[in-house]
Amino acid sequence: MSFLNAVLLPDEPITSITFKDRVLDKQYKNDKLGSLDILATTNKGELINVEVQVADEKNMIERSLYYWSRLFSGQLQSGNPYQKLGRTICINLLDFNLLDTPEYHSCYVLKEKERNEILSDLLELHFIELDKIKDIKQASDIKTQLEAWLEFIKHPESQVSYELARQDETIREAKDDLLILSCNEQFRLYYEARLKALLDETSRLQTARDEGIEQGKLEVAKKLLSTGMDIECVSEVTGISINNVKNLVHTS
């Protein structure tokens, strides 16, 4: 609740939350099945999804819109009329840079393009880019509750986080919970398995990108060779070794 209030800065603070099933059920056979990191409803009837993303899979904006749309429209399954659709908020904590802006926290809503009028508050997407947060040297440098939470999330074992835990009860509770979890063997094994899966996925994506780049170079080299360009020039232009260019000649 403290973190959500720090992100959303609501006129009336959130005073309670109820965690919900994190799996997005498939409505139709070809629907994509999604699993959310955190899904909860607030005492004000808001539906909030918090996602933590470590690897940049080049689809974060589309993924957030997809999750929002499924959560928003899913409320109709309980028989609610359109007028009863609740405010739905997606908060994305990212360990990479996504947006072309210096600010680490960006909030998107539905607005009229020219007049800047908000059409509705039912849609709200937040992107928090941890890499854009300035390094904090001491707790006194932190000016907002959100800055305090993000420092704890980014550097839970830092001296600044220890100072924050002494000053803020909610961060102290979070830090105590983190300590308990870190001492739990079953949770540690789960954490290590999840970390390995994330690293494997990141490695797979990087390998796929590298292979795509290499394949693109090969295609360019083939086209240059077909124009009559000599092997040395093709090698210099594409960065492919002369031996590999010669192999292309022999296999063409």
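Heads up: numbering here begins at 1 and tracks the sequence. Being a predicted model, the structure only gives us computed values, none of them experimental.
- Using a 4.0 Å cut-off between a side-chain N of Lys or Arg and a carboxylate O of Asp or Glu, Asp177 and Lys175 do not qualify as a salt bridge.
- Thr170 is listed as a side-chain neighbour of Trp149, based on a closest heavy-atom distance under 4.5 Å.
- Atom CG of residue Leu146 and atom CG of residue Leu8 lie 9.5 Å apart, to the nearest 0.5 angstrom.
- Interatomic distance, CZ of Phe96 versus NZ of Lys132, reported as 11.0 Å (0.5 Å rounding).
- Using a 4.5 Å cut-off on side-chain heavy atoms (C-beta onward), Gln145 and Ser2 make contact.
- Counted within 6.0 Å of NZ on Lys44, heavy atoms from surrounding residues, nucleotides or ligands total more than 12; the atom is thus considered enclosed.
- In the hydrophobic clustering of this structure, Leu178 does not group with Val54; members are Ile, Leu, Val, Met, Phe, Trp, Tyr whose side-chain heavy atoms approach within less than 4.5 Å, directly or through other members.
- No hydrogens or angles considered: a donor-acceptor pair under 3.5 Å links the side chains of Thr88 and Gln75.
- Other residues, nucleotides and ligands contribute at most 12 non-hydrogen atoms within 6.0 Å of the CD atom of Glu169.
- Aromatic ring orientation, Phe72 versus Trp68: parallel (interplanar angle below 30°, classes split at 30° and 60°).
- For Glu12, the CD atom counts as loosely surrounded, since its 6.0 Å shell holds 12 or fewer non-hydrogen atoms of other residues, nucleotides or ligands.
- Under the 4.5 Å side-chain heavy-atom criterion for ILVMFWY residues, a single connected hydrophobic cluster contains both Ile142 and Leu93.
- Of the listed residues (Ile89, Asp121, Leu122, Thr41), just one forms a side-chain contact (heavy atoms from CB on, under 4.5 Å) with Glu46, and that residue is Ile89.
- Heavy-atom contacts from other residues, nucleotides or ligands closer than 6.0 Å to NZ of Lys20 number 12 or fewer.
- Using a 4.5 Å heavy-atom threshold, the side chains of Glu147 and Tyr104 count as touching.
- Panel note: side chain Asp95, backbone Gln53; no donor-acceptor pair is recorded below 3.5 Å.
- A salt bridge links Glu57 to Arg63: one of the charged nitrogens lies within less than 4.0 Å of a carboxylate oxygen.
- Cluster partners of Ile118, by chain and number: Val109. The rule joins Ile, Leu, Val, Met, Phe, Trp and Tyr whenever side-chain heavy atoms lie under 4.5 Å apart.
- Note: Asp37 CG to Ile91 CD1 = 12.0 Å, rounded to the nearest 0.5 Å.
- To the nearest 0.5 Å, atom CZ of residue Phe127 and atom NE2 of residue His105 are 10.0 Å apart.
- Paired with Ile17 under the rule side-chain contact (heavy atoms from CB on, under 4.5 Å), one option of Ile48, Thr42, Asn43 passes, and it is Thr42.
- In the hydrophobic cluster analysis, where Ile, Leu, Val, Met, Phe, Trp and Tyr join through side-chain heavy atoms closer than 4.5 angstrom, Phe152 is grouped together with Ile133.
- When only modelled atom types and interatomic distance are considered, Ser158 and Glu151 share a side-chain donor-acceptor pair under 3.5 Å.
- Tracing side-chain contacts under 4.5 Å through hydrophobic residues (I, L, V, M, F, W, Y), one never reaches Leu39 starting from Leu4; they form parts of separate clusters.
- A single hydrophobic cluster is not seen to contain both Val52 and Leu94; linkage of ILVMFWY side chains at heavy-atom distances under 4.5 Å, directly or through other members, places them apart.
- Glu112 contributes a side-chain N or O that, together with a main-chain N or O of Arg115, makes up a donor-acceptor pair within less than 3.5 Å.
- Side-chain contact between Lys154 and Ile136 is absent, with no heavy atoms from C-beta onward closer than 4.5 Å.
- For the residue pair Asn49 and Glu51, the shortest heavy atom distance occurs at ND2-OE2, 2.9 Å.
- In this structure, Leu218 and Thr238 have side chains that are not in contact, with every pair of non-hydrogen atoms separated by 4.5 Å or more.
- With contacts defined as side-chain heavy-atom distances shorter than 4.5 Å, the pair His126/Tyr108 does not qualify.
- Considering only heavy atoms from C-beta on, Val160 stays 4.5 Å or farther from His155 through its side chain.
- Side chain of Asn5 to backbone of Ile14: a donor-acceptor contact under 3.5 angstrom is found.
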